[in-house]
Amino acid sequence: MTQPSVTHWDSPRADAEPPRRRRWTLRSRLVLGIVALLAAASIVVGLVSVVALRGFLMDRLDDQLLAATGRTQPTSEELPPGGALGYPSRPSFGVQGPGTMVALTSGDVARAGVLTSDGTLDLLDDAHAAVLIGITEGDGPVTVDLGGELGEYRVVARELAPGILQVTGLSQSEVNGTVAQLLLVIGVVALVALAAAAAAGLVVVRLALRPLDRVAATAAQVSELPLDRGEVALAVRVSDDDADPSTEVGRVGAAINRMLGHVASALAARQASENKVRRFVADASHELRTPLASIRGYAELTRRGGYELPDDVVRSIGRVESEAVRMTSLVEDLLLLARLDEGRDLERAPLELVGLLADAVGDAHAAGPDHEWSLEAPEGPVIVNGDVNRLHQVVANLLANARVHTPEGTAVVVELSERADGVDIVVRDDGPGIPEKLLPELFERFVRGDSSRSRVAGSTGLGLAIVRAVVEGHGGTVSVASEPGRTEFRVTLPR
Ligand SMILES: Nc1ncnc2c1ncn2[C@@H]1O[C@H](COP(=O)(O)OP(=O)(O)O)[C@@H](O)[C@H]1O
Ligand SMILES: [Mg+2]
């Protein structure tokens, strides 16, 4: 009989992995993507709107400017006869609206003024008017900065007489203001929309990913099941809603369900084959009992028959008998283990432990009079529920080990103590201890120390396997601690 191989579905443990850089969650990536896309779209829409509006407004301003230029007719007095440029004076510009800039330029001289709302002409100083020098009729409408409160003006030149240009300008501040206003509105609206999209995106993405969380929870639940031992009912499945293959998450859920189905049938197959092996071992050892009893019986009969037999025949028959006895106990152990594996063969009745331990220690003393045996137990009776024969066997196996695997003169102490929820039985000896490499698998079947002493004593390596199977069948635990000079087995049984 071998233990079922152990398969781990454990989630990878944090301490086993190298530290990974923190990754963005799908949720934040989706939301961030939505917000980034929306921001890019807002910027494009905003820029196109602003450029288009500005182009439209500038075209209109230029049309107005050209119309205004046509209306300007300076009087002949204003046109200097000999090249000296006079200031443009009010009457000749009467047909213009307030805010219009009018100017005359000639060579590197410029005279300019702006019409006020009460019909007078506000003259610009020469420094500001100088920006108008050099603008020619061929330039078409251009933008100049008149500085100060006037700001940007759209201006166009017209030749009045050779060398003398009339420059007319309309303020561009309304266009600039409108464009700035539009920019502000678009910016504010875009920011609000981005915030709203981020909030709504979070909600939507969270809702959309909720089925994924449920699928992950199912997978985590399965990973916590002890799949490596015994009969496992793998009933956990992703719910039908989350396993609808028409959605992305549903495909994951459906795949997990299919996988769980495969795992469940693999587990069932494993369990069936384990059962078959157990059955076989139980049947085989059961069948071996009868012929072994016959061999023993005939050997004994021959030995006691009073025949005149040569000495070496007598010795051989003695060997046949003792080996048959040894094999019988091996077969009994195997049968017992097979039955314990099947989960049967344990009675449940109240039993008294102090008396049981006293009997066992008495037997051990009789078998090993050269060891020192002692029992420390409470005064009154200690009752637990269990199978009296099997528990007796547990203690007998531990005591036999303390006798067989230690030299003569070793002191063996059996201690019984009560706790709130159970009892502890400790078997301790001051023998040479158990080899360290044996300890991790000491309770496995057929694990034994390699000393020739054990061989002589008829060691099988099944004693501690039986101890563990019986104790665990009672819902208890068994543990061992060993170093040279101190070996301690501790059996804990629940009440
Ligand atoms: N008290 C002990 N002192 C030293 N070695 C021990 C003791 N108990 C058990 N062992 C070691 O553990 C092995 C397994 O014990 P067990 O399962 O009872 O098999 P077996 O007694 O048939 O060899 C033994 O072969 C022995 O080497
Ligand atoms: Mg033993």
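Order of listing sets the numbers, starting from 1, for every ligand and every atom in it.
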**Message:** Please check whether Leu438 reaches ligand 1 - meaning an N/O of the residue sits under 3.5 Å from an N/O of the ligand, judged on distance alone.
**Reply:** no
**Prompt:** Arg428 and salt bridge (charged side-chain N to carboxylate O under 4.0 Å, His left out): which partner among Glu372, Glu415, Glu376?
**Reply:** Glu415
Salt bridge or not between [X] and [Y]? Use side-chain N to carboxylate O under 4.0 Å.
X: Arg390; Y: Glu347; answer: no
X: Arg315; Y: Asp311; answer: no
X: Arg419; Y: Asp424; answer: yes
X: Glu287; Y: Arg289; answer: no

List every atom of ligand 1 that sits less than 4.0 Å from any heavy atom of [X], numbering the atoms from 1 in the order shown and giving each element.
X: Leu464; value: 14 (C), 15 (O), 16 (P), 17 (O), 18 (O)
X: Thr460; value: 22 (O)
X: Gly449; value: 13 (C), 24 (C), 25 (O), 26 (C), 27 (O)
X: Leu442; value: 12 (O)

Looking only at heavy atoms, what is the nearest atom pair of [X] and [Y], with distance?
X: Leu194; Y: Ala39; value: CD2-N, 3.5 Å
X: Thr487; Y: Phe489; value: CG2-CE1, 3.9 Å
X: Ala198; Y: Val31; value: O-CG1, 3.9 Å

**Prompt:** Can you tell if the side chain of Asn385 reaches within under 4.5 Å of the side chain of Arg495, non-hydrogen atoms only?
**Reply:**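 Counting from C-beta outward, Asn385 and Arg495 never come under 4.5 Å.
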Option with minimal heavy-atom separation from [atom], where the choices are [options]:
atom: atom 10 (N) of ligand 1; options: His405, Glu441, Arg448, Glu488; value: His405
atom: atom 11 (C) of ligand 1; options: Ile434, Asp429, Thr406; value: Ile434
atom: atom 14 (C) of ligand 1; options: Asp333, Val447, Leu462; value: Val447

**Asked** Gln172 and Thr143: side-chain donor and acceptor closer than 3.5 Å?
**Response** yes
**Message:** Do Asp241 and Ser239 pair up side chain to side chain, a donor and an acceptor below 3.5 Å, judged on atom types alone?
**Reply:**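 No, no side-chain donor-acceptor pair sits under 3.5 Å.
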Could you establish whether [X] and ligand 1 come within less than 4.0 Å of each other, counting only heavy atoms on the residue side?
X: Pro432; result: no
X: Gly431; result: no
X: Phe489; result: yes

**Prompt:** Is it the side chain, the backbone, both or neither of Leu398 that has a heavy atom closer than 4.0 Å to ligand 1?
**Reply:**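 It is neither; nothing of Leu398 touches ligand 1.
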**Prompt:** Near the Mg ion (ligand 2), which protein N/O/S atoms are found at less than 2.8 Å?
**Reply:** Asn401 OD1
**Prompt:** Is the count of non-hydrogen atoms from other residues, nucleotides or ligands lying under 6.0 Å from Met327 atom CE greater than 12?
**Reply:**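 No, the 6.0 Å shell around CE holds no more than 12 heavy atoms from other groups.
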